[in-house]
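Following: one structure in structure tokens, then a few remarks.
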Amino acid sequence: MAYWLVKSEPSVWSWDQQVAKGAKGEAWTGVRNHSAKLHMIAMKKGDSAFFYHSNEGKEIVGIAEIIREAYPDPTDESGKFVCVDLKADKKLKTPVTLVAVKAEPKLAEMALLKYSRLSVQPVMADEWKLICKMGGV
DNA sequence: GCCAACGTTGGC
DNA sequence: GCCAACGTTGGC
């Protein structure tokens, strides 16, 4: 069981839209970065991922579950990139903001802070637990 | 294969 | 709207 974090601009694809898809989920497409791609390939069905809103909100709003492992991204004409399917699992009672993550010394090593442009990132188990606690789940 | 120029992301 | 970080492109 591994943990991840995916980012999306809510104006493009928001948590509420993800929730509206229900149990059948939605393909997480459009990732055009090789580091992010490698992380998606490493995802296993049943893994969990934080859902982070970039630009607007700048906070972790919910937890999604990987329901389909990496397959070719249908929106990528070059055929080089992959996507996974995610479904909304649960919403954090309290969103964990970027400010809150930065204020917590135990989270200083998070990829979210170190590689702010990376749209799919791994999360350490203890980071995961702490953020869940901060988020009230 | 190096590196400058350029584009994109995302925080501020 | 600005700019830092970083990926990509293209000339050499």
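Throughout, protein chains are lettered first and strands after them, A, B, ... in sequence-line order, and every chain is numbered starting at 1.
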Find out whether A/Met134 and A/Thr94 are in side-chain contact, i.e. whether some heavy atom of one side chain is under 4.5 Å from a heavy atom of the other. no
From CD of A/Gln121 across to C1' of C/dA5 the rounded distance in Å is 14 Å
I'd like to know if the side chain of A/Glu56 reaches the main chain of A/His53, judged simply by a donor and an acceptor atom lying under 3.5 Å from each other, with no hydrogens or angles considered. no
What pairs with A/Glu26 under side chain to side chain contact (heavy atoms under 4.5 Å, CB included), at least two apart in sequence or on another chain? A/Trp13, A/Gln18, A/Lys21
For A/Lys45, the side chain to side chain contact (heavy atoms under 4.5 Å, CB included) test, sequence neighbours excluded, returns A/Glu69
Between A/Lys80 and A/Asp73, is there a side-chain N and carboxylate O pair less than 4.0 Å apart? no
With B for base contact, S for sugar-phosphate-only contact and - for none (protein heavy atoms under 4.0 Å), nucleotides 7-12 of chain B reads BBBBBB
